[in-house]
2 protein chains.
Amino acid sequence: MSEQAETFRERKRRMVQADLVAVAKELFVSQGYEATTVEQIAAGVGMSERTFFRYFPSKEALVLGRYEDLAASLSAALAARPADEPVWVSLRRAFDDLVAESDAEAEAGRTRGMRAVVESTDALRAGYLARMERVRESVAEVLAGRLAEPAPASGSTPASADAAPLAPSTAPAVVGAAFSCLSVAYSVVTRDGGSLAAALDAAMGAVASAASAGITDPARTLPDA
Amino acid sequence: MSEQAETFRERKRRMVQADLVAVAKELFVSQGYEATTVEQIAAGVGMSERTFFRYFPSKEALVLGRYEDLAASLSAALAARPADEPVWVSLRRAFDDLVAESDAEAEAGRTRGMRAVVESTDALRAGYLARMERVRESVAEVLAGRLAEPAPASGSTPASADAAPLAPSTAPAVVGAAFSCLSVAYSVVTRDGGSLAAALDAAMGAVASAASAGITDPARTLPDA
DNA sequence: CTCCGTTTTGTCAGTCAATGACATAAACGC
DNA sequence: GCGTTTATGTCATTGACTGACAAAACGGAG
């Protein structure tokens, strides 16, 4: 009852959703997001306006759907990194799946138009940022968990020592900084092209370089005055 | 004709705006943002709904108005920092005005309710993030300009050398990381209380510590594999 | 004070996104 | 075929927002 039959309905549902997205994309690209009404999109696939809202909770959701998956996969990726790896490296590695996906999309040319629509529409940019912030919170929890661990089990601290233990409460800030790099990297790729990996490495490297130059004592915070 | 008279009108206008904000705040706190209609706010000060929109372009703008000022003041603050100061320190210093303002507000107890309203309303959080991103872009331009300068004029590089020159194109990422710290610090203060300065120092110190631990070569980016 | 031009405001009508209620048509299990 | 979900259409409504227009309120010139 909840295996094949459901799957069939869901498949159909996804088909219709994909159809709506395709129609909407064309309209958005040609007329802009705001100037396109839900009625037009619905008419484009031959359904009523009311039914549109049974497939997407909002016009915005058609463009920016599902970030729960992203939160889950990034959290899992980070959790899979070894606990003794430097945090900044772990975060960079957690983004690897996204990088691969982005490169694949770049070749296929898919979702290219949509990204531009998002970039150029204030309401969509806002929605995107809000969703990414929830993802950030989710990932930050994972990092906080890792930082809360008492200490690397056996006497380890192998290569590049984490000099300062890094309080768990600082996880949101660290993850936020990494996400900021990711966001910037996406912008760069959308605007100038190139690989996401390169853009990400450049961004995260720059932050590492800039931030570490602000440390006077090794592994102590900034001067107070 | 465009000196005192205009100022008088503008003063009156600001009075009415402040009045609207005060009434709206009460309603938002007691009923929530979404559940409060513009009509209620307008009625609260005895004006028509239409006139409300002559004072604020949107319900959201009543809560999140004017971030152009913030962009300008942060940009100016950053521009005023010495060019040979480590970038991360300059950014922290650029936030000093905000820190002072926040502490002052904390004592006065002003705008406390509003911040909570923003934190607890999705639409407002999104709008806030979008505005902050524009601020970030503005500040990043200033930093990019500073990084583009050929070199510290005379033979300087005084205290803690900026080992890697830091390409101007990485400015958005670095500023984004700093803003992320600011944002987290605000959240912490709103939630747990305490001084913004302490929260900011903790956040930025943590990022510096975490990111610098990810550098293997001095001042080179991350390993590629 | 009165008249005139500017500004502010209220009223009205309309658009668009989103939601609830209800009825009907289609699909599924038996 | 029949009853039960499930999908869809229709209708009505709310709430943010906008344009158009007319009625005040204001501020100065005579």
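Worth saying up front: this structure is predicted, and the values here are computed from it rather than measured. Proteins come first, then strands; the chains are lettered A, B, ... in the order of their sequence lines, and each starts at number 1.
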Please classify the nucleic acid contact of B/Tyr55 as base, sugar-phosphate, or nothing, using heavy-atom distances under 4.0 Å.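 Sugar-phosphate, backbone atoms only, no base.
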
Sugar-phosphate only, base, or nothing, as touched by A/Thr37 at under 4.0 Å among non-hydrogen atoms: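 Sugar-phosphate only.
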
Distance in angstrom units between [X] [atom1] and [N] [atom2], rounded:
X       : N      : atom1 : atom2 : answer
B/Arg54 : D/dC21 : CZ    : C1'   : 11 Å
B/Asp19 : C/dT9  : CG    : P     : 12 Å
B/Lys59 : D/dT18 : NZ    : P     : 14 Å
A/Lys12 : D/dT6  : NZ    : C1'   : 9 Å
B/Phe56 : D/dG15 : CZ    : P     : 21 Å
A/Phe53 : D/dT8  : CZ    : C1'   : 15 Å
A/Glu34 : D/dC17 : CD    : C1'   : 12 Å
A/Glu49 : C/dC16 : CD    : P     : 9 Å

B/Asp122/A/Arg134 salt bridge by N-O under 4.0 Å criterion: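 A salt bridge is present here (some side-chain N lies under 4.0 Å from a carboxylate O).
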
Under a 4.0 Å threshold between the charged nitrogen and the carboxylate oxygen, would B/Glu133 count as salt-bridged to B/Arg136?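 B/Glu133 and B/Arg136: salt-bridged.
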
Quick one: does NZ or CZ of A/Lys59 land under 6.0 Å from the six-membered ring centre of A/Tyr33, within 45 degrees of the ring axis?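 Relative to the ring axis of A/Tyr33, which defines the angle, A/Lys59 lies inside both limits.
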
Does A/Ser48 place a side-chain N or O at less than 4.0 Å from the phosphate oxygens OP1/OP2 of D/dG9?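 Yes, because at least one side-chain N or O of A/Ser48 sits under 4.0 Å from OP1 or OP2 of D/dG9.
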
Point-to-point distance, once rounded to the nearest 0.5 Å, from CD1 of B/Ile41 to CZ of B/Phe52: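 Between atom CD1 of B/Ile41 and atom CZ of B/Phe52 there are 5.0 Å.
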
